[in-house]
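Report on one structure; see the data block that follows.
Note that these values count all heavy atoms, side chains included, but never hydrogens, waters or copies made by symmetry.
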Amino acid sequence: KQEVTQIPAALSVPEGENLVLNCSFTDSAIYNLQWFRQDPGKGLTSLLLIQSSQREQTSGRLNASLDKSSGRSTLYIAASQPGDSATYLCAVRNDYKLSFGAGTTVTVRA
Amino acid sequence: DAGVTQSPTHLIKTRGQHVTLRCSPISGHKSVSWYQQVLGQGPQFIFQYYEKEERGRGNFPDRFSARQFPNYSSELNVNALLLGDSALYLCASTIQGARTQETQYFGPGTRLLVL
């Protein structure tokens, strides 16, 4: 059974600081890993998708790395802004389903 | 193009009642998945449907059922509601079903409260 863990559970930083969010998973036989953003009471917005054959993916201020052999992924958010405040979830795809971590709740202080 | 849509947005039910949640996938997408997200936790997989057939089921009791229609929209049904069924129910769609490297696109969810 795939287990996904996200550390830390919560993070508070001043505006402008870089964010580092960690995700680990137990079964390395994945198709891909996806990072999502979730605002309070809302659905999930896909941020980045890393295929199992890739090492990293970038979009604007966001960069995600994947080390499949060690079961780890890291999401970097450069120069954080108050609008980045949200919960960030990582999810790994095995066959037909996504397995999610519990998320890291980020607060960026102005 | 419209994204994944879900209805209703909010719902209040009492224990023992039945509920039906609806999802319309992105145009051209043939696969729909359902997830349950309890407050403070990550979403948990319930079902995947592809081309109107169930392709996967998570660890949920038989009170949970679903179906997919010829237009690829889907319904999630929950019978004999329990307080613990209170959650955000999320629908996701992809073009294909299993063994795909596609991005899953999620709808805004239906917030169910069971009293």
How about [atom1] on [X], more than 12 heavy atoms from neighbouring residues, nucleotides or ligands closer than 6.0 Å, or not?
| X | atom1 | result |
| --- | --- | --- |
| A:Arg72 | CZ | no |
| B:Leu115 | CG | yes |
| B:Asn59 | CG | no |
| B:Phe45 | CZ | yes |
| A:Arg61 | CZ | yes |

According to a 4.5 Å side-chain heavy-atom criterion applied to Ile, Leu, Val, Met, Phe, Trp and Tyr, with indirect links allowed, do [X] and [Y] form part of one hydrophobic cluster?
| X | Y | value |
| --- | --- | --- |
| B:Leu83 | B:Leu112 | yes |
| A:Leu66 | A:Tyr31 | no |
| B:Tyr105 | A:Leu33 | no |
| A:Val4 | A:Ile50 | yes |
| B:Leu81 | B:Trp34 | yes |

**Complete:** chain A shares the most heavy-atom pairs under 4.5 Å, among B:Gly56, B:Gly109, B:Gly58, with B:Gly56
Which atoms of [X] come close to chain B, meaning under 4.5 Å heavy atom to heavy atom: side chain ones, backbone ones, both, or neither?
| X | answer |
| --- | --- |
| A:Gln6 | neither |
| A:Lys97 | both |
| A:Leu89 | side chain |

**Message:** Is B:Gln44 in contact with chain A via its backbone, its side chain, both, or neither, using a 4.5 Å heavy-atom distance?
**Reply:** neither
**Heavy-atom proximity to chain A below 4.5 Å, by part of B:Tyr35** = side chain
**Prompt:** Of all the residues in residues 12-20 of chain B, which have a heavy atom that comes within less than 4.5 Å of a heavy atom in chain A?
**Reply:** none
**Prompt:** In the hydrophobic clustering that connects Ile, Leu, Val, Met, Phe, Trp and Tyr at side-chain heavy-atom distances below 4.5 Å, which members other than A:Val20 occupy its cluster, ordered by chain and number?
**Reply:** A:Tyr76
**Item:** Rounded distance (nearest 0.5 Å) linking atom CZ of B:Arg55 with atom OH of A:Tyr96
**Value:** 12.0 Å
**For B:Leu88 against A:Gln38, the heavy-atom pair lying closest together** = CD2-NE2, 3.8 Å
**Asked** Any idea which heavy atoms bring B:Leu90 and A:Gly43 closest together, and the distance?
**Response** CD2-CA, 4.0 Å
**Asked** Which residues from residues 98-110 of chain A are near chain B, with near meaning under 4.5 Å between non-hydrogen atoms?
**Response** A:Leu98, A:Phe100, A:Gly101, A:Ala102
**Asked** Mind checking whether B:Thr94 and A:Arg93 have side chains closer than 4.5 Å, heavy atoms only?
**Response** yes
**Asked** Parallel, tilted or perpendicular: which describes the rings of B:Phe106 and A:Phe36, with under 30° parallel and over 60° perpendicular?
**Response** perpendicular
**Request:** Mind checking ring pair (Phe, Tyr, Trp, His ring centres under 6.0 Å) for B:Phe64 and listing every partner two or more places apart, or none if nothing turns up?
**Result:** B:Phe60
